Amino acid sequence: MKPLRVAVADDSSFIRLALARLLGQEPTVEVVGLASSGEELLEHLAQWQPEAIILDLAMPGMGGLGTLDALRARPPIPVLILSTHSSQGAPQTIEALHRGAVDFIDKQQYSLVDFEALRAVLVEKLHHMTSGQPSEPRVAPTVEVIPTAAPASTAAIDLFVLGASAGGPPAIEQILGDLGDRVAVPIAIVQHMPGAFTRSFAERLNTYLPLRVQEAVHHEPLRPGFVYIAPGGLHLRIESARDGLRALLSLEPEAAAHRPAVDELFASAGAATRGRLVAVLLTGMGFDGAASMAALARSGVHTIAQDRASSVVFGMPRAAIEAGGAREVLSLERIGPRLLELLSVDLRRRTSGA
């Protein structure tokens, strides 16, 4: 297999050379060009012909966001952002994801002298967000979900739950935008993202959408028409209380591959609502959410997976589909309208007393 052709754009010569050295020791990756600015990257794209780009946002000149905008006018090349979780870095990174970047790495989580840790995450993300991603997902763990009392065609809806990873922020924004302000149930979301970034993600969605979007707070009641984003570094679970549904935040299980984990949200939501929910699994690498969604589907819950064509990375939806967890497989543009259809059917049923 030919190595993946990667270009690096960063104004720091130290970081450019460190990344070139780091990736130069990886046989599945070839660094084909180093640029000190977005302008230099764009000037050499035709010569370098990269299949993926590692892009720093804090560059002089047109900067990282301007470079992303320019790249959108060209044949698509997956972009991995180098970011920091500073007060300026986190909002810029979230904006970059909404402008077409596939994923990001927080530089402050890694040391450029600890080559193994950084190389492992770089190589994994680069291959997953390009055609070189692994063809087989790992085996998903078994997740137990309390069965619903009625099949999906007749069960009421008290909650929407969504899970996503790479490519998720713009997908989530599109779905929530398609829902408008007509949502009579709470919405809980797990987006794989470090803690310093989920607040910026929630704030951006809250600015651009008619729905109220915020990070979930421990023991907070879930209100209809509100969207709750799982804080990075904490699992979001749903519990049933006398006054309705509440959010629970926890570090446990610490051994989970992701924190927050989609499986934790989906499984707990199924138990708390006794199956009166709709679960949606969106673009992302890996298999988080596949086991819990399969258990929900077996118990009669209506489940939706994003299709291959509209997924930036088809890993998570594919794993759920292969596990039998998707009652429907829909394009991104169809998911929001479909959720409204399901709510409309539920509202007519409740109004008629059926």
Side-chain angles (χ1 to χ4, degrees), residues 4-24 29-110 112 118 121-122 125-126 128-131 166-174 177 191 193-194 196-201 203-205 207-208 283 312-313:
L4 182 69
R5 298 172 59 85
V6 176
V8 176
D10 195 300
D11 64 322
S12 166
S13 60
F14 171 76
I15 291 180
R16 290 197 307 273
L17 294 175
L19 290 176
R21 176 186 168 196
L22 182 153
L23 293 174
V29 173
E30 178 187 2
V31 177
V32 294
L34 302 175
S36 61
S37 66
E39 290 87 345
E40 185 179 1
L41 172 69
L42 295 171
E43 180 184 349
H44 290 89
L45 275 183
Q47 174 188 347
W48 294 342
Q49 297 185 349
E51 298 167 283
I53 294 170
I54 300 174
L55 179 67
D56 181 36
L57 292 179
M59 295 187 295
M62 69 191 309
L65 293 179
T67 304
L68 276 172
D69 290 339
L71 287 169
R72 290 170 72 176
R74 299 167 180 253
I77 304 173
V79 176
L80 179 65
I81 296 296
L82 291 178
S83 176
T84 66
H85 60 246
S86 64
S87 59
Q88 181 180 7
Q92 276 197 331
T93 300
I94 299 303
E95 184 63 33
L97 295 175
H98 286 273
R99 295 196 192 187
V102 174
D103 207 344
F104 71 95
I105 291 176
D106 183 359
K107 291 188 288 188
Q108 292 174 237
Q109 286 188 318
Y110 301 92
L112 285 176
L118 183 56
V121 71
L122 273 171
K125 287 182 180 289
L126 287 169
H128 271 288
M129 70 185 205
T130 63
S131 59
I172 290 168
E173 182 175 18
Q174 178 169 335
Q191 164 67 52
M193 194 177 284
F197 296 88
T198 47
R199 176 165 296 181
S200 293
F201 178 44
E203 289 173 350
R204 187 190 192 281
L205 293 176
T207 299
Y208 286 94
T283 173
V312 174
V313 179

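On a predicted model such as this, the values are computed, not experimentally measured, just so you know.
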Side chain to side chain, F201 and L97, heavy atoms closer than 4.5 Å: no
Non-hydrogen side-chain atoms of L205 and E173 separated by less than 4.5 Å: yes
Nearest non-hydrogen partners of T130 and A52, listed with the distance: CG2-CB, 3.9 Å
Test item: E40 side-chain N/O and S36 main-chain N/O as donor-acceptor pair under 3.5 Å: yes
Nearest non-hydrogen partners of A70 and L42, listed with the distance: CB-CD1, 3.6 Å
Stepwise side-chain contact (heavy atoms from CB on, under 4.5 Å) check, L19 with L82: CA-CA 11 Å; L19 290 176; L82 291 178; 3.7 Å; yes
Residue pair E30 / V6, side-chain heavy-atom distance below 4.5 Å: no
Residues forming a salt bridge (Lys or Arg N to Asp or Glu O under 4.0 Å) with R16, sequence neighbours excluded: none
Atom pair OG/CG of S37 and D10 - distance to nearest 0.5 Å: 11.0 Å
Smallest separation among heavy atoms of M59 and D56, with atom names: CE-O, 3.3 Å
Value rounded to 0.5 Å, distance of CG in L55 from CG in L65: 8.5 Å
side-chain contact (heavy atoms from CB on, under 4.5 Å) evaluation trace for D69 with R99: CA-CA 7 Å; D69 290 339; R99 295 196 192 187; 2.7 Å; yes
Closest non-hydrogen atom pair between A90 and A196, with its separation: CB-O, 3.6 Å
Beyond-backbone contact of V8 with L41, side-chain heavy atoms, under 4.5 angstrom: no
Closest approach of L80 to F104 (non-hydrogen atoms, all atoms of both residues): CD1-N, 3.7 Å
Validation row: T67, L57 side chains within 4.5 angstrom (heavy atoms): no
F197 six-ring face occupied by R199 cation (under 6.0 Å, within 45°): no
I53 side chain near L45 side chain, heavy-atom distance below 4.5 Å: yes
Distance, nearest 0.5 Å, that separates CD of E95 from CD1 of I81: 11.0 Å
Expected output: side-chain Q191 to main-chain T198 donor-acceptor under 3.5 Å: no
Pairwise distance CG(L23) to CG(L4) - rounded to 0.5 angstrom: 9.5 Å
Residues I54, L122; criterion side-chain contact (heavy atoms from CB on, under 4.5 Å); working and verdict: CA-CA 9 Å; I54 300 174; L122 273 171; 4.0 Å; yes
Non-hydrogen atoms of T283 and A171 that approach each other most closely: CG2-CB, 4.3 Å
Which residues share a side-chain contact (heavy atoms from CB on, under 4.5 Å) with E43, sequence neighbours left out: none
side-chain contact (heavy atoms from CB on, under 4.5 Å) evaluation trace for I94 with M193: CA-CA 10 Å; I94 299 303; M193 194 177 284; 3.6 Å; yes
4.5 Å side-chain heavy-atom contact, I105 and S83: no
Side chain to side chain, P91 and R204, heavy atoms closer than 4.5 Å: no
ring-ring contact (aromatic ring centres under 6.0 Å, His included) involving H98 - partner list, sequence neighbours excluded: none
